[in-house]
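FYI, side chains are in, hydrogens and waters are out, and symmetry mates aren't considered; it's all heavy atoms of this structure.
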Amino acid sequence: MRLPQETIRRKRDGLGLDATEIADFVAGLTEGRVTEGQAAAFCMAVFFRGLTLPERVALTRAMTESGTVLAWDLPGPVLDKHSTGGIGDTVSLPLAAMVAACGGYVPMISGRGLGHTGGTLDKLASIPGYDAVPGLARFQAVVRAVGCAIIGQTAELAPADRRLYAIRDVTGTVESLDLITASILSKKLAAGLDGLVMDVKVGSGAFMAGMPEARALAESIVGVATGAGLRTVALVTDMDAPLASAAGNAVEVAYAIDYLAGRRREARFHAVTLALGAEMLVAGGLAAETSKASDRLEDALGSGRAAELFGRMVAALGGPADLLERPAKHLPAAPVVRAVRRDGPVSGIATREIGLAVIGLGGGRTRPEDGIDPRVGFTDLARPGEAGDLLGVVHAADADAADRAEAALRAAYRSGEAAPEGAAVLERIG
């Protein structure tokens, strides 16, 4: 067994690592033999030196096998979707229920906020009573009974990734293509899926700012997953503006509920949700082509079946049974709510800065152990070219925090004439 510091040194110096070395290092992460400092140093060495495809596969496999790998016996396909992260990206909440309403089973294992992006797990934690980290038995029972369950990474599933994920968040190594690939796929392979659809974000609010990097990440994930026997497709989608008009935790849950209930269906959010869901249904053999799959998803929304299943999932995991009917009663609200007006049309958005402003409000972390304030964030965020005089609405814990958030929001927006936004879904890979 090679000492952790020797593995770090070899990668730091650009030397190759074999599968046994990588497996030993990952086992040390799980067993506590590798310190937090050593894990951070390994992440930084990988960030700068990169991994070969065999190293990437070995890291993914070792992280998958660091815990339990689920096996399912269900009357339909086991499917999932994963996003590389963005701002206002709360697609997972309605999408899991929509796919379940079409006959799929969705055991969705989500993560905390990472870097400037929000995390589905943090959003779910804003629902009173919701058990976001149940035991595996409860998780599997809810998936069987309801058709979907969205939870955080449990201690049993890919525990090595759970530790590395928190360290990447605070060491400037989030954007590593190699670490992103291994992190995502270790959890998905451990979940025992039949099909996976990746949403790879690109733009000013994504970890991948340009198409070459986004395409490389999509190809990496599809290649490693396919090699491991998991049918995977990736869509590259636009993140040059927040996907939803809400950014935060409780405010994004409220947005997702409004979407499911039909009270608000913004065009770009709807387009991305349908595109991802359609690929999931095709991957699971529930539709022959994406156009027919989209029709089925629209029916799941229009009939109220998707909303019903989301409500059942929330209740089955300990949340309020009437969350869909009375979200304002249950979701925590910020004491200071302030509208921010704009002087003219919006020509562009530094979307990453909005994510950082949410963290500044207390809605994200700067250290792994930090708590978050689920009440804070932004709603009614303006889009480029959109008519109106509202830039957004700040939800803050106090007036001083609202002042800082308002200044950050104004700094993130550029004024001027805007060209019409392009397509929300930019490319399909796989």
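- The closest side-chain donor-acceptor pair between S220 and T181 falls under 3.5 angstrom.
- For the salt bridge (charged side-chain N to carboxylate O under 4.0 Å, His left out) test, no residue two or more places apart in sequence or in another chain qualifies with R144.
- The stretch residues 67-77 participates, sequence neighbours left out, in no side chain to side chain donor-acceptor pair (under 3.5 Å) pair at all.
- Residues satisfying the salt bridge (charged side-chain N to carboxylate O under 4.0 Å, His left out) criterion with D194, sequence neighbours excluded, are absent altogether.
- Residue pairs meeting the salt bridge (Lys or Arg N to Asp or Glu O under 4.0 Å) criterion with at least one member in residues 92-103, sequence neighbours excluded, do not occur.
- Applying the side chain to side chain donor-acceptor pair (under 3.5 Å) test to pairs two or more places apart or on separate chains, none has a residue in residues 100-109.
- Listed by chain and number, the residues in a salt bridge (charged side-chain N to carboxylate O under 4.0 Å, His left out) with R49 amount to none (sequence neighbours excluded).
- Under the rule for a side chain to side chain contact (heavy atoms under 4.5 Å, CB included), the partners of R264 that lie at least two apart in sequence or sit in another chain are S245, Y255, D258, E266, D380.
- Residue pairs meeting the side chain to side chain donor-acceptor pair (under 3.5 Å) criterion with at least one member in residues 311-327, sequence neighbours excluded, are D322-R326, D322-H330.
- Residue pairs meeting the salt bridge (Lys or Arg N to Asp or Glu O under 4.0 Å) criterion with at least one member in residues 55-71, sequence neighbours excluded: K11-E55, R56-D178.
- Residues satisfying the side chain to side chain contact (heavy atoms under 4.5 Å, CB included) test with A401, not counting sequence neighbours, are L361, A396, D398, R404.
- With sequence neighbours left out, R215 forms a salt bridge (charged side-chain N to carboxylate O under 4.0 Å, His left out) with E427.
- Not counting sequence neighbours, R265 has no partner by the side-chain hydrogen bond (donor to acceptor under 3.5 Å, both in side chains) test.
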